[in-house]
Amino acid sequence: MTKNNPGRFFEDYSVGQTIRHAVPRTVAEGERALYHALYPARHALYSSDEFAIACGLDGSPMDDLLAFHTVFGKTVPDISLNAIANLGYAEGRWHRPVWPGDTLRSESTVIGVKENSNGQSGVVWVRTRGINQVGDVVLDYVRWVMVRKRDPGAPAPEPVVPDLAIAVDPADLVLPEDLSFRDYDYDLAGEPHRWGNYEIGEKIDHVDGITIEEAEHMLATRLWQNTAKVHFDATQRPDGRRLIYGGHVISLARSLSFNGLANAQMIVALNAGAHANPCFAGDTVRAWSEVLDKAPTLAPGVGAIRLRLVATKGDSGVFALRGDDGKYLPEVLLDLDFWALMPV
Amino acid sequence: MTKNNPGRFFEDYSVGQTIRHAVPRTVAEGERALYHALYPARHALYSSDEFAIACGLDGSPMDDLLAFHTVFGKTVPDISLNAIANLGYAEGRWHRPVWPGDTLRSESTVIGVKENSNGQSGVVWVRTRGINQVGDVVLDYVRWVMVRKRDPGAPAPEPVVPDLAIAVDPADLVLPEDLSFRDYDYDLAGEPHRWGNYEIGEKIDHVDGITIEEAEHMLATRLWQNTAKVHFDATQRPDGRRLIYGGHVISLARSLSFNGLANAQMIVALNAGAHANPCFAGDTVRAWSEVLDKAPTLAPGVGAIRLRLVATKGDSGVFALRGDDGKYLPEVLLDLDFWALMPV
Amino acid sequence: MTKNNPGRFFEDYSVGQTIRHAVPRTVAEGERALYHALYPARHALYSSDEFAIACGLDGSPMDDLLAFHTVFGKTVPDISLNAIANLGYAEGRWHRPVWPGDTLRSESTVIGVKENSNGQSGVVWVRTRGINQVGDVVLDYVRWVMVRKRDPGAPAPEPVVPDLAIAVDPADLVLPEDLSFRDYDYDLAGEPHRWGNYEIGEKIDHVDGITIEEAEHMLATRLWQNTAKVHFDATQRPDGRRLIYGGHVISLARSLSFNGLANAQMIVALNAGAHANPCFAGDTVRAWSEVLDKAPTLAPGVGAIRLRLVATKGDSGVFALRGDDGKYLPEVLLDLDFWALMPV
């Protein structure tokens with residue numbers, strides 16, 4: 001019997017099934033420092049204990065996307081080892097901060113399956129939960145992937161396509177307990193622009209660019225214990241290139257967005273996301289944002305802002321996204337839709 | 001008087017001599033996180049405090065090989081700065097876990113010397129001990145290297161060749177106090193295969209590959225404070241390549257072996273090891289294992305498994321090792337023999 | 001209104017003005033470990049809690065240059081985003097150690113401005129202070145940069161050129177409270193050479209070299225939250241190269257200087273510094289030092305040594321510095337002048 005993990009195929013998923021993913025992981029100051037070395041992360045709430053304490057927290061939590069990558073990475077051996085494509089995200093919410101010393105594990109429940117008409121593959125929808133050492137959910141999100149069938153002759157399951165929200169309702173956003181931006185220090189945060197200064201439809205060019213190296217995306221992707229071969233093994237593709245983990249591009253773009261959105265401190269919901277085109281070492285990644293929506297919150301001085309964050313290997317100042325055919329332009333790497341919290 | 005360190009030559013070693021190596025080092029959460037960024041390390045006991053606590057420990061210790069590299073690195077300026085070849089390891093044992101916050105230093109005692117017949121160099125055997133801040137030995141092993149003579153005309157010492165065990169006797173393995181795999185969680189560990197499922201002689205292809213970058217092996221080798229010039233300085237070799245620290249290949253191979261040996265949680269003894277061929281940036285490293293032996297232990301639910309771990313830059317599925325001439329095949333990078341602990 | 005940060009231009013600075021820089025940063029074990037992975041840092045006081053405790057401290061502080069880079073990085077968006085050249089440093093002093101868990105922020109006061117005769121740019125002098133979470137200054141230094149004017153037609157300000165000391169007076173050095181080298185362990189520190197063994201005028205070749213990779217200097221520069229585009233974005237220069245942050249070269253050279261100056265444990269003052277030539281990935285950096293001065297201190301067993309530290313991409317053994325024209329030779333990367341503390 002072969003002992004290495006062949007991954008799951010389309011036939012191995014059924015609606016209602018729950019998968020407990022390996023390997024739990026304790027995250028602490030080391031992961032925090034690496035996050036800041038790998039990405040130009042500067043949002044003050046995740047950089048300074050003192051700043052976070054002034055915002056009502058007990059200290060600086062682990063970066064919101066660090067929590068996401070840690071939870072996501074665990075799902076790869078069970079969900080996407082044989083995936084052909086990572087199709088989308090929906091209904092993602094951060095339920096509570098992850099603190100240094102917390103141990104995270106992940107569980108996924110299959111909520112949809114639909115075989116493709118070619119009979120070679122199918123789409124699987126899962127709801128994944130990140131769970132800390134006391135059993136609290138820190139994060140959950142829906143993700144769907146296209147997965148190969150092991151046996152093309154296997155019968156197609158009854159199709160189940162979940163009904164997913166276009167965006168998380170602002171009333172459903174979960175804010176960290178005691179969060180307050182009433183005594184917010186704009187000097188230390190880096191920019192004077194508050195929630196009230198952003199208008200729906202406004203676009204922001206984040207200006208800066210980062211040229212990616214192979215070593216960097218591999219360090220990151222290993223840190224999240226993501227085992228997908230294409231990120232590490234240059235012999236996996238005929239062109240000898242390693243495909244960069246889409247989450248690496250998310251974190252790059254989010255960090256670059258500091259320049260113009262320094263006060264969009266915390267991501268609290270992931271509405272949608274598309275990895276529009278593959279990213280490779282040598283690409284220079286830039287980012288731009290569009291304000292999609294705004295909503296008040298019950299926390300003192302805190303507003304929610306819904307943002308489209310676009311990563312591009314082209315000029316971020318032209319705000320390019322889709323061509324006349326409605327398809328993503330070739331230079332667009334990422335189209336992410338999320339809710340963040342800002343001082344009002 | 002020149003103040004920089006010229007290293008020791010063959011004449012500088014004599015049997016019985018003990019060398020206290022510089023520089024002591026405190027290791028903590030930062031080193032742990034870097035270990036996980038540098039290697040695809042996923043063994044649950046070294047990833048999760050909760051998992052380790054469920055196995056009877058106080059928390060997740062520092063990775064066994066991280067301890068090894070830290071202890072080994074300190075010996076380089078005194079033992080191998082002028083070494084021509086790193087010839088072997090024997091009788092290595094881990095005596096107790098290294099915890100975050102521990103400070104390690106190293107000492108080596110010369111246990112053998114033998115001049116080569118060419119009169120230009122000789123072999124030196126040392127037993128190295130890694131010692132923590134309270135004076136306990138955490139790790140010891142024998143290593144032998146071929147070292148240049150300063151003066152080819154210097155007289156040859158009386159040859160002393162230590163009598164080394166082929167492998168550590170399982171009765172001599174030291175297990176961490178209170179270790180128990182009675183309540184082992186196979187889901188969280190990542191694989192269902194237990195000690196009883198492995199047969200002596202069985203070979204496991206670990207499937208995955210990692211293409212190495214210069215930045216990665218240098219980050220690792222600096223982290224272990226290993227100062228050998230060939231790892232860092234591209235002008236040291238005529239071909240302009242940097243030789244990768246053999247320990248980097250050990251950690252890569254061990255981490256890759258998760259896929260098929262996820263439950264071989266802790267390395268407790270190093271029986272032998274050969275760096276069969278040099279490794280360079282651009283090589284894609286794969287690994288396979290062979291079960292050499294098995295032994296019960298006194299700890300609840302814990303068995304010992306003796307493994308050969310082979311790193312190769314070729315196909316790991318063909319289990320290649322030596323040619324008809326008995327020599328390592330050119331694609332073989334590492335042949336390591338160790339004892340690990342598994343749930344029975 | 002554009003929301004991203006255009007940086008400040010020469011007209012935006014006036015003498016007496018104080019700028020509170022974003023973003024505060026908590027530094028801990030993670031940053032320490034990364035510092036040791038990025039640089040071949042081996043000075044025992046910054047490597048081992050036990051060694052530091054034996055020297056009278058509460059534990060091992062964060063590396064002196066890690067503190068400098070962290071403080072410096074915060075100033076970049078306000079001081080040097082539009083800088084044409086980084087002209088010099090003076091009167092830098094470390095006032096107290098930075099401990100794991102400390103949160104640092106930076107403030108700069110403009111102490112000089114002088115428009116260049118071309119009317120296109122000017123020189124700005126600032127005194128920058130690094131401040132910890134209880135409001136204590138941990139570090140201060142003067143730095144001057146050449147900055148573009150936004151509008152070449154804007155009137156020139158009254159020139160103010162600060163009167164800066166050639167070197168910090170040894171009487172003004174601040175030593176960590178309770179520091180003592182009376183029980184100094186030379187074996188563990190790595191070299192036997194004490195303060196009394198160094199002569200003014202003596203030059204030391206540090207021998208070792210490190211070939212730099214793009215990934216490494218970007219990881220470092222991001223870790224210090226330095227946002228200068230030229231370090232990260234390969235499209236910023238016509239030759240497609242990324243300019244390496246000068247501070248990266250400082251830390252490389254200082255770490256390489258262990259080999260010959262292992263006992264120059266702590267930097268306590270920065271007298272002067274010039275980034276003589278730009279450094280790029282692929283360069284192999286070496287270092288040499290010259291003893292410029294020596295002074296006793298009041299701390300038990302502690303002497304101060306004033307060192308010139310030169311980084312070169314040429315042969316460090318020829319001690320090259322300036323040509324017959326008085327200009328730095330093309331292979332010289334850095335000329336740094338500082339005070340360090342040694343056991344007498």
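In what follows, chains carry the letters A, B, and so on, assigned in the order in which the sequence lines appear, proteins first and then strands, with residues in each chain numbered from 1. Bear in mind the structure is a predicted one, so any value in this text is a computation, not a measurement.
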With side chain to side chain contact (heavy atoms under 4.5 Å, CB included) as the criterion, how do D233(B) and R286(C) come out once you've worked through the C-alpha distance, each side chain's angles and the decisive distance to 0.1 Å? CA-CA 10 Å; D233(B) 179 349; R286(C) 297 172 196 285; 2.8 Å; yes
Full working for side chain to side chain contact (heavy atoms under 4.5 Å, CB included) between L219(C) and L219(B): CA-CA 11 Å; L219(C) 287 169; L219(B) 287 169; 3.9 Å; yes
In sequence, state the C-alpha distance, the side-chain angles, and the governing distance for K3(B) and E202(C), and then conclude on salt bridge (Lys or Arg N to Asp or Glu O under 4.0 Å). CA-CA 11 Å; K3(B) 289 204 167 65; E202(C) 179 177 354; 2.5 Å; yes
Test D185(C) against R20(B) for side chain to side chain contact (heavy atoms under 4.5 Å, CB included), laying out the working first. CA-CA 11 Å; D185(C) 187 325; R20(B) 293 174 75 221; 2.9 Å; yes
CA sep, side-chain torsions, deciding dist, call: L34(C), L34(B), side chain to side chain contact (heavy atoms under 4.5 Å, CB included): CA-CA 8 Å; L34(C) 268 162; L34(B) 268 162; 4.0 Å; yes
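The CG atom of D187(C) lies 10.5 Å from the CD1 atom of I19(B); values are rounded to the nearest 0.5 Å. One distance of note links CG of D102(B) with CG of D49(C); it measures 10.5 Å at 0.5 Å rounding. Separating the OG atom in S289(C) from the CG atom in N4(B) is a distance of 11.0 Å, to the nearest 0.5 Å. One finds the CG atom of L252(C) at 11.0 Å from the CZ atom of F232(B) (value rounded to the nearest 0.5 Å).
The closest side-chain heavy-atom distance from L104(B) to E50(C) is not below 4.5 Å. Residues R42(C) and T227(B) meet the side-chain proximity criterion, which asks for heavy atoms closer than 4.5 Å. Counting only heavy atoms from C-beta outward, the side chains of R222(B) and H36(C) never approach each other to under 4.5 Å. Side chains of E214(B) and T211(C) form no contact here, defined as non-hydrogen atoms less than 4.5 Å apart.
Using a 4.5 Å heavy-atom cut-off against chain C, the contacting residues of residues 66-80 of chain B are P77(B).
For Q225(B) (side chain) and A41(C) (main-chain N/O), a donor-acceptor pair under 3.5 Å exists by modelled atom type. At least one donor-acceptor pair closer than 3.5 Å links the side chain of S47(C) to the backbone N or O of P24(B).
For the set A189(C), G260(C), G30(C), the entry with the most heavy-atom pairs within less than 4.5 Å of chain B is G260(C). For the set Y39(C), F51(C), Y35(C), the count of heavy-atom pairs under 4.5 angstrom toward chain B peaks at Y39(C). Chosen from M218(B), H231(B), R105(B), the residue pairing most often with chain C at heavy-atom distances under 4.5 Å is M218(B). Considering only heavy-atom pairs separated by less than 4.5 Å from chain B, the leading option among T284(C), L38(C), V207(C) is L38(C). With chain B as the partner, the residue from V285(C), L261(C), I212(C), N197(C) showing the most heavy-atom pairs under 4.5 Å is N197(C).
Heavy-atom minimum distance, N5(B) versus N259(C): N-OD1, 2.6 Å.
No hydrogens or angles considered: nothing links the side chains of S60(C) and R25(B) as a donor-acceptor pair under 3.5 Å.
Both the backbone and the side chain of D205(C) have a heavy atom closer than 4.5 Å to some heavy atom of chain B. Residue A28(C) does not touch chain B at all, counting heavy-atom pairs closer than 4.5 Å. Looking at A234(B), the atoms closer than 4.5 Å to chain C (heavy atoms on both sides) sit in the backbone and in the side chain alike.
Within a 6.0 Å sphere centred on CD of E177(B), other residues, nucleotides and ligands contribute 12 heavy atoms or fewer. The number of heavy-atom neighbours closer than 6.0 Å to CZ of R182(C), taken from other residues, nucleotides and ligands shown, is 12 or below.
Salt bridge status for E31(B) with R32(C): absent, with no side-chain N to carboxylate O gap under 4.0 Å. Contact check on E213(C) versus R242(B) returns a salt bridge, with a Lys/Arg side-chain nitrogen under 4.0 Å from an Asp/Glu carboxylate oxygen.
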